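Below: one structure, written as structure tokens.
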Amino acid sequence: NDETLLDFIETQFAKYAFPPDRVCFEITETAAVQSLRRVIDLMTALKRHGSQFALDDFGSGLSSFRYLKTLPVDYLKIDGGFVRDMAKNANDCALVAAINQMSHTLGIETVAEYTHSRATVDCLRELGVDYAQGYFFGEPMPWSALL
């Protein structure tokens with residue numbers, strides 16, 4: 001909702017000579033819908049620079065499909081509440097499958113949150129979900145731990 005955010009981001013790209021097409025911004029569905037017009041304008045401007053966007057926590061809002069149709073996102077992050085138990089809950093698995101299929105139909109790649117077990121990974125791969133994140137792959141860590 002900060003009107004100066006676009007200028008700030010563009011200044012950072014220039015200051016650090018960082019290529020905008022190497023950045024994927026993540027925005028929660030809830031944050032996106034609070035100021036939909038402003039968010040669309042920001043996303044459109046940054047996409048012109050080559051940046052990409054992921055819509056996080058999809059499905060947790062009441063009007064998810066309308067916003068998904070409106071927001072120019074590249075990735076849809078499937079909320080962990082749907083993913084967590086999908087290997088043992090047919091309803092959760094069906095919801096993940098539907099979100100994944102709908103996203104792919106719209107040309108949007110999917111990322112499953114809360115991927116904490118091999119069984120979940122296997123289910124996601126079988127459904128064709130594009131990416132997964134969670135403790136199965138590793139715990140979050142600071143950049144300094146990788147250097």
Side-chain angles (χ1 to χ4, degrees), residues 1-2 5-6 8-10 12-13 16 18-147:
N1 290 325
D2 186 339
L5 182 58
L6 178 59
F8 173 79
I9 292 170
E10 290 173 331
Q12 301 311 301
F13 285 152
Y16 295 102
F18 195 85
D21 62 343
R22 299 280 318 261
V23 177
C24 180
F25 292 95
E26 185 172 307
I27 184 168
T28 64
E29 179 182 350
T30 304
V33 301
Q34 287 178 350
S35 296
L36 188 59
R37 182 75 254 152
R38 185 174 292 159
V39 168
I40 291 171
D41 291 344
L42 174 70
M43 291 173 75
T44 302
L46 289 171
K47 284 178 77 68
R48 278 195 293 268
H49 288 293
S51 297
Q52 296 181 319
F53 285 86
L55 186 61
D56 193 14
D57 295 334
F58 178 77
S60 59
L62 297 175
S63 303
S64 298
F65 293 112
R66 189 180 107 210
Y67 295 118
L68 184 60
K69 189 173 86 168
T70 306
L71 294 167
V73 298
D74 303 287
Y75 302 93
L76 185 138
K77 294 184 71 181
I78 304 170
D79 187 81
F82 298 117
V83 175
R84 176 184 9 245
D85 296 321
M86 66 178 286
K88 50 189 170 191
N89 183 311
N91 290 336
D92 286 345
C93 188
L95 288 168
V96 171
I99 293 168
N100 185 61
Q101 181 179 0
M102 179 225 21
S103 297
H104 286 169
T105 299
L106 295 172
I108 299 170
E109 291 186 280
T110 50
V111 180
E113 297 180 328
Y114 214 92
T115 305
H116 292 358
S117 71
R118 166 57 71 186
T120 301
V121 168
D122 292 343
C123 288
L124 293 168
R125 291 183 86 181
E126 186 175 317
L127 293 176
V129 172
D130 300 296
Y131 303 95
Q133 68 183 69
Y135 288 133
F136 178 79
F137 302 104
E139 293 189 21
M141 63 181 77
W143 287 111
S144 60
L146 298 174
L147 303 175

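Counting from 1, the numbers follow the sequence of the chain as shown. Because the structure is predicted, anything quoted here is derived from the model rather than measured.
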To the closest 0.5 Å, what do you measure between [atom1] ([X]) and [atom2] ([Y])?
{"X": "Leu36", "Y": "Leu71", "atom1": "CG", "atom2": "CG", "answer": "5.5 Å"}
{"X": "Ile78", "Y": "Gln133", "atom1": "CD1", "atom2": "CD", "answer": "11.0 Å"}
{"X": "Thr28", "Y": "Lys77", "atom1": "OG1", "atom2": "NZ", "answer": "10.5 Å"}
{"X": "Met43", "Y": "Ser51", "atom1": "CE", "atom2": "OG", "answer": "10.5 Å"}
{"X": "Asp56", "Y": "Ile27", "atom1": "CG", "atom2": "CD1", "answer": "10.0 Å"}

Item checked: Pair Val39-Gln34, side chain to side chain contact (heavy atoms under 4.5 Å, CB included): steps then yes or no -> CA-CA 9 Å; Val39 168; Gln34 287 178 350; over 6 Å; no
Okay, side chain of [X], backbone of [Y]: is any donor-acceptor separation there less than 3.5 Å?
{"X": "Gln52", "Y": "Cys24", "result": "no"}
{"X": "Asp85", "Y": "Asp92", "result": "no"}
{"X": "Ser103", "Y": "Ile99", "result": "yes"}
{"X": "Ser117", "Y": "Thr120", "result": "yes"}
{"X": "Asp74", "Y": "Phe53", "result": "yes"}

Taking the side chain as C-beta and beyond, is there a heavy-atom pair between [X] and [Y] under 4.5 Å?
{"X": "Arg38", "Y": "Asp41", "answer": "no"}
{"X": "Phe25", "Y": "Leu46", "answer": "yes"}
{"X": "Arg84", "Y": "Glu113", "answer": "no"}
{"X": "Phe82", "Y": "Tyr114", "answer": "no"}
{"X": "Phe18", "Y": "Gln12", "answer": "no"}
{"X": "Asp130", "Y": "Val111", "answer": "no"}

Notebook entry, point to check: Judged by modelled atom types alone, do Glu10 and His49 share a side-chain donor-acceptor pair under 3.5 Å?
Noted result: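 Looking only at side-chain atoms, His49 and Glu10 do form a donor-acceptor pair, the distance falling under 3.5 Å.
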Check: How about Asn100 and Thr110: does a side-chain donor come under 3.5 Å of a side-chain acceptor?
Finding: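 Judged by distance alone, the side chains do pair up.
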Next item on the list: Apply ring pair (Phe, Tyr, Trp, His ring centres under 6.0 Å) to Tyr135 and His116, showing your working.
Entry: CA-CA 5 Å; Tyr135 288 133; His116 292 358; 4.7 Å; yes
Note to self: Using every non-hydrogen atom in the two residues, find where Ala97 and Leu127 come nearest and quote the distance to one decimal.
What the structure shows: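 Here Ala97 and Leu127 meet closest at CB-CD2, 3.7 Å.
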Check: What's the shortest heavy-atom distance between Val121 and Phe136, and which atoms?
Finding: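 Minimum heavy-atom contact is CG2-CD2, 3.4 Å.
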Is it true that atom [atom1] of [X] has more than 12 heavy atoms of other residues, nucleotides or ligands lying nearer than 6.0 Å?
{"X": "Gln101", "atom1": "CD", "answer": "no"}
{"X": "Phe137", "atom1": "CZ", "answer": "yes"}
{"X": "Arg37", "atom1": "CZ", "answer": "yes"}

